[in-house]
Amino acid sequence: MTDSNTIHDLTGVFSCQKIAKVGTGTTTRRVAQIGYYFVEQIESDLFEVRPLNNEFVPTGNSEKIARDQLLTDYTPEPEMYHKQVLPNMKNLQKTLARADRHRKQGNSFSAEMEYTSAIKVDELNVRGNFGVGLCFMERGETERANDVFARLISMDAAFEAKHKHLFNDFGISLRKSKMIPQAIEYYSKALSLSPDDENLHYNLARAYFEAKDYAKTRKELNSCLELNADFAEAKKFVAYLDKKKLG
C-alpha cells in the first residue's frame, strides 16, 4: 500500500499506538493502546485522519497530519481496509442514498427509517443526522428536531465544505420552522469556523431579523458587505432596514 518514501493518492486504514494514563493517584499507570484510523490524502503532504468505530466505519471529527507523522507514527492495515472497512462504508453509503431518495420523493417516514439505520452504524454520521433532522422539521416535530440540532452543533464535521448543501438546507429549515434561537446558534457556530463567508453573515442576519434583533441584523449585513460589496440581497436588506428605520 505504501513504501517508506512515497505516498500518492492514499486512502486506507492505519493503526497507531498511543500511550494512555489509566487509574488515578498512586494507582496511575501508562498503558499502550492501539487505535485504528481511516486516512485520506487531501494534499501532497497533508492527510485527514478519522478514527474507526466499533462498526469499522470512520466517525467523528477529523484530524489533519503531515506526511512525516503518518510515516513515523502509523502502520498500514490493508487487510482490515479491504475486508471490513471498505464493505461497511459502501453499505452505509447505500443506506444513506436510499434515505435521500425517499426524502426527495416526500416519503418522510421511510427516509427517517433509513437515516436512523445509518446513525446506528455511525451515530456521528453528518449526512444521517442532517437527513433525520430535516425529516422531523418537514413534519413539524420541532422537539425531535431540536435533539438532532443539539448533536449537530457539537460536530465540527457538520460545518465542513463537503456538507455545504445539507448544511444550507438544515439552516433554512430551522428558520422556516421558527426555531430561531437554534438558527442563530447554528450560523454563529458556522461563522466561528468560517468567519470570512459572506453567505453565513447574511443568513445569520436573516435569523436575527426573525428574532427582531435589528441592531445585530444590521451588524451582520455590514459584515457581509465588507466581504462582498456586490452582494445584491444584502444591499436590498440594508435598504429595507433604512426605509423602515430599523436597527
Side-chain angles (χ1 to χ4, degrees), residues 61 99-109 111-112 115 119 124-247:
N61 296 327
D100 290 343
R101 282 197 301 273
H102 285 308
R103 192 170 69 82
K104 286 176 183 175
Q105 293 165 357
N107 301 324
S108 175
F109 288 101
E112 180 195 341
Y115 286 127
I119 293 169
L124 298 178
N125 185 272
V126 172
R127 191 167 152 200
N129 278 286
F130 271 133
V132 79
L134 287 166
C135 289
F136 292 152
M137 284 189 281
E138 286 165 8
R139 302 201 300 258
E141 299 177 21
T142 53
E143 190 170 327
R144 296 178 77 189
N146 193 55
D147 291 338
V148 177
F149 163 80
R151 188 157 60 243
L152 283 167
I153 203 74
S154 69
M155 295 163 54
D156 288 354
F159 300 90
E160 292 176 355
K162 61 186 174 184
H163 300 301
K164 193 160 190 174
H165 177 67
L166 282 167
F167 166 86
N168 287 336
D169 285 351
F170 196 82
I172 291 167
S173 293
L174 283 172
R175 189 166 50 78
K176 288 184 174 178
S177 299
K178 301 302 179 186
M179 298 173 68
I180 305 305
Q182 292 92 333
I184 289 171
E185 185 179 355
Y186 183 75
Y187 285 119
S188 297
K189 168 68 179 284
L191 273 168
S192 73
L193 299 171
S194 303
D196 295 330
D197 187 327
E198 67 268 29
N199 294 292
L200 292 176
H201 285 286
Y202 178 76
N203 286 327
L204 182 54
R206 294 190 66 174
Y208 276 130
F209 183 80
E210 294 281 352
K212 295 182 169 56
D213 190 334
Y214 303 123
K216 287 184 178 177
T217 300
R218 190 179 288 275
K219 177 179 177 293
E220 294 303 326
L221 288 171
N222 289 340
S223 296
C224 170
L225 289 167
E226 284 174 10
L227 291 164
N228 181 0
D230 296 323
F231 200 120
E233 291 88 350
K235 289 195 282 189
K236 289 177 184 176
F237 206 157
V238 171
Y240 176 83
L241 294 177
D242 290 343
K243 182 179 179 181
K244 297 294 183 179
K245 296 183 171 57
L246 298 172

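Not measured: the values here are computed from a predicted model. All residue numbers refer to positions in the sequence shown, counting from 1.
Between S188 atom OG and K216 atom NZ the span is 8.5 Å, to the nearest 0.5 Å. Taken from CG in N222 to OG1 in T217, the straight-line distance is 11.0 Å, to the nearest 0.5 Å. Rounding to the nearest 0.5 angstrom, the gap separating the NZ atom in K162 from the CZ atom in R127 is 12.0 Å. For the atom pair CG (N146) and CE (M179), the distance works out to 4.5 Å, reported to the nearest 0.5 Å. Going from atom CG of D197 over to atom OG of S223 covers 12.0 Å, rounded to the nearest 0.5 Å. Rounding to the nearest 0.5 Å places OG of S177 at 9.0 Å from CG of L134.
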task: Decide side chain to side chain contact (heavy atoms under 4.5 Å, CB included) for R139 and E112; before the verdict, give the C-alpha distance in whole Å, the side-chain angles of both, and the deciding distance to 0.1 Å.
output: CA-CA 11 Å; R139 302 201 300 258; E112 180 195 341; 2.5 Å; yes

Residue pair T142, Q182: steps toward the side chain to side chain contact (heavy atoms under 4.5 Å, CB included) verdict: CA-CA 11 Å; T142 53; Q182 292 92 333; over 6 Å; no

- request: Could you walk me through whether D156 and K189 pass the side chain to side chain contact (heavy atoms under 4.5 Å, CB included) test, one step at a time?
  value: CA-CA 9 Å; D156 288 354; K189 168 68 179 284; 3.2 Å; yes

task: Show the numbers, then the answer: is there a side chain to side chain contact (heavy atoms under 4.5 Å, CB included) between L241 and L221?
output: CA-CA 10 Å; L241 294 177; L221 288 171; 3.7 Å; yes

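Ring pair F170/F149: centre-to-centre distance not below 6.0 Å. Aromatic ring centres of Y187 and Y202 lie farther apart than the 6.0 Å criterion allows.
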Using distance only, find each side-chain donor-acceptor pair of residues 203-212 under 3.5 Å and give its atom names and separation, not counting sequence neighbours.
from : atom 1 : to   : atom 2 : distance (Å)
N203 : ND2    : N199 : O      : 3.2
E210 : OE1    : K178 : NZ     : 3.4

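Annotation for A145 and M137: closest pair CB-CG, 3.6 Å, computed over non-hydrogen atoms. Nearest heavy atom pair, residue E220 against residue L191, reads OE1-CD1, 4.0 Å. Considering every non-hydrogen atom in both R218 and D242, the closest pair reads NH1-OD1, 2.9 Å. Summarising the geometry of I119 relative to V132, their closest heavy-atom pair is CD1-CG1, 3.8 Å, with the distance given to 0.1 Å. Scanning both residues, A99 and A111, for their nearest heavy atoms gives O-CB, 3.5 Å. Looking at every heavy atom in both residues, A190 comes nearest to F159 through CB-CD2, 3.6 Å.
Annotation for Q105: atom CD counts as buried by contact number, over 12 foreign heavy atoms lying within 6.0 Å.
Ring geometry for F130 versus F167: interplanar angle over 60°, hence perpendicular rather than tilted (30 to 60°).
Looking at N129 and Y115, their side chains never bring a donor and an acceptor atom within 3.5 Å of each other.
In this structure, the side chain to side chain donor-acceptor pair (under 3.5 Å) partners of E138, at least two apart in sequence or on a different chain, are R103.
No donor-acceptor pair under 3.5 Å is formed between the side chain of H201 and the backbone N or O of D196.
With a 6.0 Å cutoff to the six-membered ring centre and a 45° limit on the axis angle, R175 does not count as a cation-pi contact of Y186.
With contacts defined as side-chain heavy-atom distances shorter than 4.5 Å, the pair D213/I184 does not qualify.
Ion pairing of K176 with D169 is absent here, as no side-chain N (NZ or NE/NH1/NH2) approaches a carboxylate O to less than 4.0 Å.
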